[in-house]
Amino acid sequence: MNSKAASEGTLRWAAGLLALACVVFHLWLVFSGLVPNLVSRPVHLALALPWVFLLVPYRSAAARWASGLFCLAGIAACAWVALDHAALEDQYGSLEGWRQTAVAVLLLAVVLEMARRAVKLALPVAALVALAYGLFGQYLPGRLGHPGFPLDSFLGTLTIAEGGIWGPLTGISVNIVAVFVIFGAAVSAGLGGEAFMSLATKLAGRLEAGAAKVSVLASALFGSISGSASANVASTGAITLPAMKRLGYPAAFAAAVEATASTGGQIMPPLMGAGAFVMAELLRLRYTQIVEAAFFPAILFFLSVWFGIALFARRYGLKPMAAEEIPAWRRVRWLAPFFLIPFAILVWTMFAAGRTPQYAAALSTFAAVALLAVDARWRPALSGLPVRLRDAAIEAARQIAVIASIIICAGIVIGVLNQTGLGVKITSAILTLSGGSLYPALVLTALACLILGMEVPTTAAYVICVSVAGPALQKLGLPPLQAHLFVFWYALLSTITPPVCGTVFIAAGMAEAPWLRVAGQAMRLGLGLYVVPLAFVASPSLIDPLGRPFWATLAFLKTALGLWLLARALVRRDDPWWLRLLSAAVGLAIAFLPTRGLLGLAF
């Protein structure tokens, strides 16, 4: 038993060294100046491969050996691209000889298998379908076909040029997302997570349905760092779900609160997950502009959850948390700097100093790492520092690997769309089906996001949907930022909408509640996810709070009122049916009518 524990400890320290190499490489890129893309991006993939193929449990030794060979082959192919990048750039995306073709096929196979293992089967299947279309689409009749491409050019663009797995999406993963993941892991490894919970508990614990409202605040705070709905459920849910059940909350309601609130992490500034960085790159906007546009909609989402909880509280008679469960202000004040200091550095560096997001995240990471060296009373705590650093690096490397798996595989799909022009054809189909009207096109886009998001991770669903539907929405008059935010929000629908609803399944399992009932209540609590995107399409000022502060504030207030009326209609069972129907109709009208038009009707 001791030898087994020693072996596991040695393996964890070896993983820690590998993780440290990954962390150091990505932080070094922030300060190193210009590194060729065909160097940094293959190294990024090579550092991610062991976390998917090797550092996972296996059922048999044969499976471990096969995975090891796959991993080594992938690393060797990445090394070839990085070491020969100058010569490969001179080939302009055209492979030379059967050996290069074999390596290109190997790289694509590694990326597909990596995505299958790290996420779900649907994303690599979508990439395989895209590859098949690129290779054989010339045999399709009608407008869906394409003229065909030479094999060396088609595969070369995807594997030795920046038109596929080494494209701009991978660049976002390498240069920006990875640094923010490291920042989040550094904050979480210390007392940052406890600080979030203590502040949320102090602010909301004494309110009606206090434990549920603590979950909302904690998810908003922690989710803004994690940017992952699943990570948010697992972390905050481990604390809030037992607290809610202990206070007598129905298990399905408790799980629905946690699932819905955790979903908001991906739309809550300042981090918002990988999708926001992708959006900034695709739109060629500063990341701070995305944060500005997302702020009011994100607050509205959490407000809608808050409204639903308040209404459910009266229906179920939910009580505040016990006084002994609420921390003293002294404890909150001691803990708050563990997240306030890194956050303040992040926000100041991005917004006041005007530096790049990755530079701000790197500086904030250094501050978070320094805070690992002290305890909750701000006394030196160096004895456990190596373990905390190791665990933070391992968590960061694992998350980087998962995100790389998603983004690099999605790069295959985007690469094929760009080469074949299929995106333009789908855009044309959307325009035809919508009859040239914006709102039918929005409905078609929302359905596409929901269907794609059922099996594909949010970021990939957003990237694929916006590539094909975004141009159609823009041709119908929707500004690019609105179109991208609309698609990004609806790519999240599947997190709480059956039949997939990933956060619902996680929360239902943790709370031991029937998932279908959890999903029903989560959809009512999360109605902002369905309503707010249409609200900022109707009132564009909602996503321009600095440019049009008066109209943005009016749009915010009228949308909040509409959400409250809708929540009342969906949750209150003691109201007459006609009053609930009237509340829903008025709520929808208030939320969806343009702000100026609503003022005109009122006055």
Side-chain angles (χ1 to χ4, degrees), residues 196-197 199-201 203-224 226 228-268 298-321 325-326 492-493 495-498 501-530 563-564 566-568 570-573:
F196 288 141
M197 288 303 304
L199 178 61
T201 305
L203 291 175
R206 294 185 185 275
L207 301 177
E208 188 180 41
K213 291 174 180 176
V214 166
S215 174
V216 174
L217 288 181
S219 294
L221 291 170
F222 180 77
S224 67
S226 73
S228 165
S230 299
N232 207 349
V233 171
S235 55
T236 61
I239 299 172
T240 60
L241 286 171
M244 284 188 272
K245 292 184 70 176
R246 188 168 59 250
L247 290 169
Y249 292 24
F253 171 75
V257 169
E258 185 56 49
T260 310
S262 294
T263 294
Q266 293 185 80
I267 53 177
M268 184 67 193
I299 298 299
L300 284 169
F301 171 81
F302 282 104
L303 263 182
S304 71
V305 181
W306 193 278
F307 292 154
I309 289 171
L311 292 164
F312 270 116
R314 293 165 196 163
R315 175 171 156 186
Y316 291 134
L318 303 179
K319 299 178 180 179
M321 296 178 69
E325 293 184 290
I326 299 175
L492 284 168
L493 283 179
T495 58
I496 59 172
T497 307
C501 48
T503 59
V504 166
F505 281 123
I506 296 172
M510 294 174 70
E512 299 179 345
W515 75 268
L516 199 55
R517 189 173 178 191
V518 174
Q521 297 201 354
M523 290 171 69
R524 278 178 279 180
L525 287 171
L527 63 93
L529 199 60
Y530 306 86
L563 288 171
W564 183 82
L566 282 168
R568 182 186 175 94
L570 290 171
V571 176
R572 289 286 294 268
R573 294 283 180 85

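As the structure is a computational prediction, the values presented were derived from the model and not from experiment.
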I would like to know whether M268 and I299 meet side chain to side chain contact (heavy atoms under 4.5 Å, CB included); could you show each step before the answer? CA-CA 8 Å; M268 184 67 193; I299 298 299; 3.9 Å; yes
To check you understand the geometry: which heavy-atom pair defines the closest contact between [X] and [Y], and what is its length?
X: A507; Y: A255; result: CB-O, 3.4 Å
X: V214; Y: A200; result: CG2-O, 3.6 Å
X: E325; Y: T201; result: O-CG2, 3.8 Å
X: M244; Y: A212; result: SD-CA, 3.7 Å
X: A209; Y: A313; result: CB-CB, 3.6 Å
X: A211; Y: L247; result: CB-CD1, 3.9 Å

About how many Å separate [atom2] of [Y] and [atom1] of [X], when rounded to the nearest 0.5 Å?
X: R572; Y: R315; atom1: CZ; atom2: CZ; value: 10.5 Å
X: Q266; Y: L492; atom1: CD; atom2: CG; value: 5.0 Å
X: L203; Y: I326; atom1: CG; atom2: CD1; value: 10.5 Å
X: I506; Y: L241; atom1: CD1; atom2: CG; value: 11.5 Å

Do [X] and [Y] have side-chain heavy atoms sitting under 4.5 Å apart?
X: I309; Y: L525; result: yes
X: E512; Y: K245; result: yes
X: Q521; Y: P250; result: no
X: L217; Y: W306; result: yes

Using the side chain to side chain contact (heavy atoms under 4.5 Å, CB included) rule, take T240 and M197 through it: C-alpha gap first, then chi angles, then the decisive distance, then the call. CA-CA 9 Å; T240 60; M197 288 303 304; 3.8 Å; yes
Who passes ring pair (Phe, Tyr, Trp, His ring centres under 6.0 Å) against Y249, sequence neighbours left out? none
Under the criterion side chain to side chain contact (heavy atoms under 4.5 Å, CB included), I'd like the reasoning laid out for F307 against L527: C-alpha separation, chi angles, the key distance, then a yes or no. CA-CA 10 Å; F307 292 154; L527 63 93; over 6 Å; no
Could you go step by step and tell me if L566 and Y530 meet the side chain to side chain contact (heavy atoms under 4.5 Å, CB included) rule? CA-CA 11 Å; L566 282 168; Y530 306 86; over 6 Å; no
Checking [X] side chain against [Y] main chain: does a donor-acceptor pair fall under 3.5 Å?
X: T503; Y: T495; answer: yes
X: R524; Y: V571; answer: no
X: S304; Y: F301; answer: yes

Considering residues, nucleotides and ligands other than R517, do more than 12 of their heavy atoms fall under 6.0 Å from its CZ? no
With sequence neighbours excluded, what pairs up with T260 under the side chain to side chain donor-acceptor pair (under 3.5 Å) test? none
